[in-house]
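The next block holds one structure in the form of C-alpha cells; read it before the comments.
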Amino acid sequence: IMSVFLKQLRAESAAIEQFIALLGQEEQAMVGGRFSELPAITSRKAELQERMAEMDRQREALQHALGFAPGRAGADAAAASQGDEVQAAWAHLLALAGQAQAGNKHNASIVFTHLDFTQNALRFLRASGQLFYGPDGARRAAAGAGNRLALG
C-alpha cells in the first residue's frame with residue numbers, strides 16, 4: 001500500500017515538473033522574441049506556484065502527523081522513516097526543485113539581459129540629445145537634415 005506521504009511527494013514532483021515545463025516555454029518565448037506569450041505563461045506560473053505552496057503545507061502537515069518537524073530536516077527524517085521508495089521519491093522531488101530553481105534563475109538572467117539592453121539603448125538615445133521619435137511615435141527629422149539647396 002502506497003503511503004499517504006509517498007502520494008504527496010509524487011503529487012508535488014508532478015507539479016514541479018509542470019513548473020519546469022512552463023519555465024521552458026517562458027525561456028523559448030523570450031529567446032524567440034514572442035513577448036506577447038509571456039502574460040499567459042506568467043499567469044500559469046503564478047497559479048502553479050500557489051498550488052505548490054499549498055502542497056508544501058499539506059506535506060508539512062503530514063510530517064507533523066507522523067511526528068516530524070516542519071521544514072527540510074523534518075521532511076528528510078519523515079522520508080527516511082518511510083522506507084526506500086519514499087526516500088527515493090523525496091530525493092527526486094529535491095532534484096526537481098533544484099532544476100526549477102536553476103531554470104527560474106536562468107530565465108531571470110534573460111529578463112535582466114533584455115532590460116539592460118533596453119536601458120542602454122535609451123541612454124544612448126538620450127545622450128545623443130536628439131530624439132528620433134516624437135510622442136506620437138512618428139519619426140522626427142534630424143535637425144539640419146533638411147534640403148537647403150533651394151535656399152541658396
Testing the basics here: between [X] and [Y], what is the closest heavy-atom pair and its distance to 0.1 Å?
| X | Y | answer |
| --- | --- | --- |
| Ala29 | Ile41 | CB-CD1, 4.3 Å |
| Leu48 | Ala15 | CD2-O, 3.6 Å |
| Ala79 | Val86 | CA-CG1, 3.8 Å |
| Gly74 | Phe68 | O-CB, 3.7 Å |
| Ala78 | Gln63 | CB-CG, 4.2 Å |
| Ile20 | Leu96 | CD1-O, 3.5 Å |

Checklist line | Phe5 vs Arg10, side chain to side chain contact (heavy atoms under 4.5 Å, CB included): CA-CA, chis, key distance, verdict | finding: CA-CA 9 Å; Phe5 197 67; Arg10 288 183 175 164; over 6 Å; no
Side-chain heavy atoms of [X] within contact of [Y], under 4.5 Å:
| X | Y | value |
| --- | --- | --- |
| Phe19 | Gln99 | no |
| Gln28 | Glu37 | no |
| Glu12 | Met52 | no |
| Leu9 | His92 | no |

Do any N or O atoms from the side chain of [X] and from the backbone of [Y] form a donor-acceptor pair under 3.5 angstrom?
| X | Y | answer |
| --- | --- | --- |
| Thr42 | Leu38 | yes |
| Gln87 | Gln82 | no |
| Asn104 | Leu23 | no |
| Gln8 | Met55 | yes |

**Study point:** Residue pair Ile110, Glu26: steps toward the side chain to side chain contact (heavy atoms under 4.5 Å, CB included) verdict
**Key:** CA-CA 10 Å; Ile110 294 171; Glu26 181 180 55; over 6 Å; no
Would Lys105 and Gln101 satisfy side chain to side chain contact (heavy atoms under 4.5 Å, CB included), going step by step from the backbone distance to the final call? CA-CA 6 Å; Lys105 284 181 181 180; Gln101 185 178 32; 4.2 Å; yes
| message | If the threshold is 4.0 Å, N to carboxylate O, is there a salt bridge linking Glu50 and Lys45? | response |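 Salt bridge between Glu50 and Lys45, a charged N being under 4.0 Å from a carboxylate O: no.
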message = Any carboxylate oxygen within less than 4.0 angstrom of a Lys/Arg side-chain nitrogen, looking at Glu54 and Arg57?
response =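 Salt bridge: yes.
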Quiz item: When rounded to the nearest 0.5 angstrom, what distance separates CD in Glu17 from CG in Leu93?
Solution: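 Those atoms lie 9.5 Å apart.
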Do [X] and [Y] have side-chain N/O donor and acceptor atoms under 3.5 Å apart?
| X | Y | answer |
| --- | --- | --- |
| Gln25 | Arg44 | yes |
| Arg123 | Gln119 | no |
| Glu27 | Asn107 | no |

Does CZ belonging to Phe35 count more than 12 external heavy atoms closer than 6.0 Å?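 Result for CZ/Phe35: enclosed.
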Check whether Met30 and Leu22 end up in the same hydrophobic cluster, where Ile, Leu, Val, Met, Phe, Trp and Tyr are linked by side-chain heavy atoms less than 4.5 Å apart.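 In one cluster with Met30: Leu22, no.
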